[in-house]
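Predicted model, so just to flag it, every value in this text is computed and none were measured.
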Amino acid sequence: MLNHPKELANFVLGYDGNPFGNQPGTDDGWLFRPRGMYQLVGREQYQEAQRQTQQLDELEGLDLLTLPDALRDAKIAAKVTFAHFRISPYENHQTLFELLKDRAKDWTAVRALQTDMEHAPADGARVNARSEMFLGCIEEALHPTKIKTLQSEFYGEE
């Protein structure tokens with residue numbers, strides 16, 4: 001399957017009983033593979049992102065289920081990410097924006113609440129590094145002229 005990425009994605013993400021909401025026997029594993037700033041995975045997360053962006057009147061007319069590759073666009077990925085942060089509840093039914101406000105912008109503590117950090121919440125250095133990388137993404141979105149510098153920092157010169 002190494003040279004067959006579509007089949008590999010369908011096998012890894014589309015098996016019976018998968019936790020992603022992908023339908024076995026379809027191309028859901030391939031279509032709803034990880035994309036975006038927040039790395040959406042699976043039909044259910046793409047549907048939720050679609051619902052959240054519609055709730056906030058963001059990305060009007062864009063259907064992420066029909067065009068999942070739209071998440072390759074940095075502006076679309078940023079809008080989807082921020083919609084999630086503005087709507088999705090975490091600790092004490094608060095959104096990440098509310099948690100940041102309550103914790104005086106303690107990014108490390110708030111970032112540790114996210115599900116992809118469950119396996120290592122005590123690993124402060126890793127949480128800090130990922131938080132700084134994410135803050136860099138936010139900075140890129142706010143100040144596009146710095147994109148080349150930040151890309152170089154994380155991925156090297158092109």
Side-chain angles (χ1 to χ4, degrees), residues 1-100 107-123 125-138 140-141 147 150-151 154-156 158:
M1 288 192 181
L2 184 58
N3 293 318
H4 302 279
K6 184 176 182 179
E7 290 81 1
L8 179 62
N10 286 329
F11 177 77
V12 172
L13 301 171
Y15 58 89
D16 281 329
N18 70 77
F20 312 109
N22 293 333
Q23 297 299 312
T26 69
D27 284 337
D28 278 6
W30 174 251
L31 292 172
F32 305 112
R33 63 191 181 275
R35 289 189 195 85
M37 206 180 274
Y38 195 65
Q39 290 293 285
L40 299 178
V41 180
R43 179 178 284 277
E44 287 179 0
Q45 287 188 5
Y46 278 76
Q47 284 174 327
E48 181 62 12
Q50 179 71 29
R51 185 192 66 74
Q52 290 172 343
T53 56
Q54 286 176 346
Q55 182 179 338
L56 296 173
D57 292 325
E58 294 284 342
L59 305 173
E60 187 175 328
L62 176 64
D63 182 355
L64 291 173
L65 296 172
T66 303
L67 296 169
D69 275 333
L71 283 169
R72 291 178 183 227
D73 180 278
K75 288 181 182 180
I76 291 172
K79 287 184 179 207
V80 167
T81 299
F82 279 88
H84 173 79
F85 290 167
R86 288 175 61 193
I87 293 175
S88 294
Y90 283 83
E91 186 177 82
N92 298 326
H93 305 287
Q94 292 181 299
T95 67
L96 289 180
F97 280 14
E98 292 165 338
L99 288 168
L100 284 170
W107 282 90
T108 302
V110 171
R111 179 71 176 105
L113 296 172
Q114 292 181 268
T115 58
D116 65 329
M117 298 303 289
E118 284 178 352
H119 61 282
D123 185 0
R126 183 165 182 252
V127 172
N128 280 334
R130 292 193 68 183
S131 298
E132 289 302 316
M133 186 176 78
F134 193 74
L135 285 172
C137 292
I138 293 170
E140 282 182 19
I147 289 175
L150 290 169
Q151 277 182 336
F154 291 108
Y155 301 110
E158 287 187 21

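Taking 4.5 Å as the limit, some side-chain heavy atom of Tyr90 sits within range of a side-chain heavy atom of Leu96. With a 4.5 Å cut-off on side-chain heavy atoms, Leu59 and Val80 count as touching. For the pair Asp69/Arg35, a side-chain contact is recorded, criterion being any heavy-atom separation below 4.5 Å from C-beta on. Residues Lys79 and Thr53 have side chains not in contact (no heavy-atom distance under 4.5 Å, counting atoms from C-beta outward). When side chains are defined from C-beta on, Leu99 counts as touching Gln94, because their heavy atoms get closer than 4.5 Å.
Across every non-hydrogen atom of Asn10 and Asp28, the tightest pair is OD1-N, 3.8 Å. The shortest heavy-atom contact between Leu65 and Arg43 is CD2-O, 4.1 Å. Taking each heavy atom of Ala77 and Met37 in turn, the nearest pair found is CB-N, 3.7 Å. Of all the heavy atoms in Gln39 and Gln45, the pair that sits closest is O-OE1, 3.9 Å. Smallest separation of non-hydrogen atoms from Tyr46 and Pro68: CE2-CB, 3.5 Å. Listed here is the closest heavy atom pair of Asn22 and Gly42: OD1-CA, 3.4 Å.
Distance CG/Leu71 to OH/Tyr38: 13.5 Å, rounded to 0.5 Å. A distance of 12.0 Å separates CG of Asp73 from CG of Leu67, quoted to the nearest 0.5 Å. Atoms CZ and CG, from Arg33 and Leu40 in turn, are 12.5 Å apart once rounded to the nearest 0.5 Å. To the nearest 0.5 Å, atoms CD1 (Ile76) and CG (Leu62) are separated by 5.5 Å.
Paired with Gln55 under the rule side-chain hydrogen bond (donor to acceptor under 3.5 Å, both in side chains), one option of Arg51, Glu58, Gln52 passes, and it is Arg51.
In this structure, Asn18 contributes its side chain and Tyr15 its backbone to a donor-acceptor pair below 3.5 Å.
Shown here is Phe11, whose CZ atom has no more than 12 heavy atoms of other residues, nucleotides or ligands within 6.0 Å.
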